[in-house]
Amino acid sequence: MQFTATQISQFLNGSIDGNPDVAVTELSKIEDGKEGSLSFLSNPKYENFLYSTKASVVIVSKDFAPTQSYTSTLIRVENPYSAFTILLDKYNEAINAQTIKSGIDQLAFVHPTAKIGNNVFIDAFAYVAENVEIADGCKINAQTFIGANSKIGKNSTFFPGVKIYHNSIIGSSVVIHANTVIGSDGFGFAPQKDGTYNKIPQIGNVIIEDDVEIGANTTVDRATMGSTIVKKGAKIDNLIQIAHNVEIGENTVLAAQSGISGSTKIGPNSVIGGQVGIAGHLTLAKGTQIGAQAGINFNITEENKQWHGSPAQPIRNWMRASVIFKHLPDVEKRINKLEEELKKLTAELEKNTIHNER
């Protein structure tokens, strides 16, 4: 596939600085750009690469002012990152269009009671249980398991090894990456007098709404009763644990290795950093932002606030505390020195008191 700077600019509603007829055939990072490639510059940290890259075309912001000479043709747009993302999406669609598969592989198992829509692909060694409904355009890759009575919306994709337990409801345009498990039992055990634990049956399900993407090796537990819910547009990274009866709000983003304990509700448009731990039965307000490795053990009621640390605190408090923490060794030395001086003064005072008494 080959496109000129003019064609790309028209597609992105941008303007051109340089040769409008230069052609590109591939996408690249700006630091790895070569002749015939298209790249972008969004983060100022990478500006120096613009002056050395061999990329034929680079997408930049409309108000970008270069400080050195460069050889690339520039396409100026409102938001370079978003523009390049659009191109990546179109490029991916074109690649996928060349490798479209449909139909049911002869090595797949589909229960006779399952309902399969049009243009569905079910790969070898996939297992589709009784009364499953798979809507049009879905792609079910190898070794995927879909449990009984589950429903899958249109154009959803499950990568190899995904496991969907029974009664799960998956929306349209959902992407679930390899080896993720949806609907495994919630962690519910009742302690007994003799120190043992009795398992509490987990009879609920999982609901994943439209346009959700879930990374690899993530687990979403089924509810004890009712539903664990991941709402529309949420984006969930690899290696995340979402416990029973949790609700993840619309358009919320969770980074890798975070864990959400049971019955916690995270508001819409929240951002949860990597390795964040959130205790159970909490409510986090809309737009909550939590920095990496923070620990949350309290409700957050104020919307659009940033939190950091463990236990978490407002980010400004945490930053001030971090500055103090870095200087604690010096503070300790000063305290020790003051204590020594205080001991000397006390001894001198006692000596003088005894002398005066005599």
Side-chain angles (χ1 to χ4, degrees), residues 1-95 213 215 235 237-238 251 253-256 269-275 287-294 304-309 314-327:
M1 294 176 289
Q2 178 173 294
F3 298 94
T4 65
T6 296
Q7 290 173 315
I8 296 167
S9 176
Q10 289 172 346
F11 180 73
L12 298 175
N13 294 318
S15 60
I16 297 175
D17 284 356
N19 180 7
D21 298 320
V22 65
V24 297
T25 57
E26 60 181 309
L27 308 178
S28 70
K29 297 188 294 183
I30 191 168
E31 60 267 38
D32 299 330
K34 58 185 180 180
E35 188 173 344
S37 70
L38 168 68
S39 188
F40 78 108
L41 174 63
S42 176
N43 191 328
K45 292 181 180 179
Y46 291 87
E47 180 179 338
N48 285 339
F49 289 113
L50 175 65
Y51 310 122
S52 60
T53 188
K54 292 182 172 57
S56 297
V57 178
V58 178
I59 299 170
V60 300
S61 64
K62 66 178 184 179
D63 55 356
F64 172 70
T67 58
Q68 300 178 37
S69 61
Y70 57 90
T71 59
S72 305
T73 291
L74 304 185
I75 296 179
R76 296 181 177 274
V77 297
E78 287 285 343
N79 186 321
Y81 188 80
S82 294
F84 197 71
T85 299
I86 291 170
L87 294 177
L88 283 173
D89 189 50
K90 293 298 180 183
Y91 182 82
N92 192 48
E93 285 181 9
I95 295 297
E213 181 154 353
K235 309 302 178 188
D237 201 357
N238 307 325
N251 302 313
V253 177
L254 280 74
N269 300 104
S270 294
V271 178
I272 312 299
Q275 296 186 333
T288 294
Q289 299 179 40
I290 303 174
Q293 297 189 326
N304 304 311
K305 295 294 183 180
Q306 294 179 308
W307 301 81
H308 214 307
I315 191 165
R316 289 186 179 276
N317 291 356
W318 177 83
M319 292 173 69
R320 286 194 291 267
S322 296
V323 171
I324 294 171
F325 182 77
K326 286 191 295 185
H327 294 292

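All residue numbers in this chain count up from 1 along the given sequence. On a predicted model such as this, the values are computed, not experimentally measured, just so you know.
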Short side-chain to backbone donor-acceptor contact, [X] and [Y], under 3.5 Å:
{"X": "D237", "Y": "A255", "result": "no"}
{"X": "E47", "Y": "P44", "result": "no"}
{"X": "S39", "Y": "S28", "result": "yes"}
{"X": "S72", "Y": "L74", "result": "no"}
{"X": "T73", "Y": "V57", "result": "no"}
{"X": "T53", "Y": "L50", "result": "no"}

Option among Y81, F49, F84, F64 that satisfies the side chain to side chain contact (heavy atoms under 4.5 Å, CB included) test with L41
F64
Measure the spacing between [atom1] of [X] and [atom2] of [Y] and express it to the nearest 0.5 Å.
{"X": "Q2", "Y": "Q7", "atom1": "CD", "atom2": "CD", "value": "8.5 Å"}
{"X": "F3", "Y": "E26", "atom1": "CZ", "atom2": "CD", "value": "13.5 Å"}
{"X": "S61", "Y": "R76", "atom1": "OG", "atom2": "CZ", "value": "7.0 Å"}
{"X": "Q289", "Y": "H308", "atom1": "CD", "atom2": "NE2", "value": "11.5 Å"}

Residue pair T4 / P20: nearest heavy atoms and the distance that separates them:
CB-O, 3.9 Å
Taking C-beta and beyond as the side chain, do [X] and [Y] meet within less than 4.5 Å on heavy atoms?
{"X": "W307", "Y": "T288", "value": "yes"}
{"X": "N13", "Y": "E78", "value": "no"}
{"X": "V271", "Y": "I290", "value": "no"}
{"X": "F11", "Y": "I86", "value": "yes"}

Does the side-chain contact (heavy atoms from CB on, under 4.5 Å) test come out yes or no for L38 and T25, once each step is laid out?
CA-CA 8 Å; L38 168 68; T25 57; over 6 Å; no
Verdict with supporting geometry, I75 and V58, side-chain contact (heavy atoms from CB on, under 4.5 Å):
CA-CA 6 Å; I75 296 179; V58 178; over 6 Å; no
Within a 6.0 Å radius of atom NZ on K235, are there more than 12 heavy atoms belonging to other residues, nucleotides or ligands?
yes
Verdict with supporting geometry, V24 and S56, side-chain contact (heavy atoms from CB on, under 4.5 Å)
CA-CA 7 Å; V24 297; S56 297; 4.0 Å; yes
Ignoring hydrogens and angles, state whether a donor on the side chain of Y51 or T67 is under 3.5 Å from an acceptor on the partner side chain.
yes
Could you walk me through whether Y46 and E31 pass the side-chain contact (heavy atoms from CB on, under 4.5 Å) check?
CA-CA 8 Å; Y46 291 87; E31 60 267 38; 4.2 Å; yes
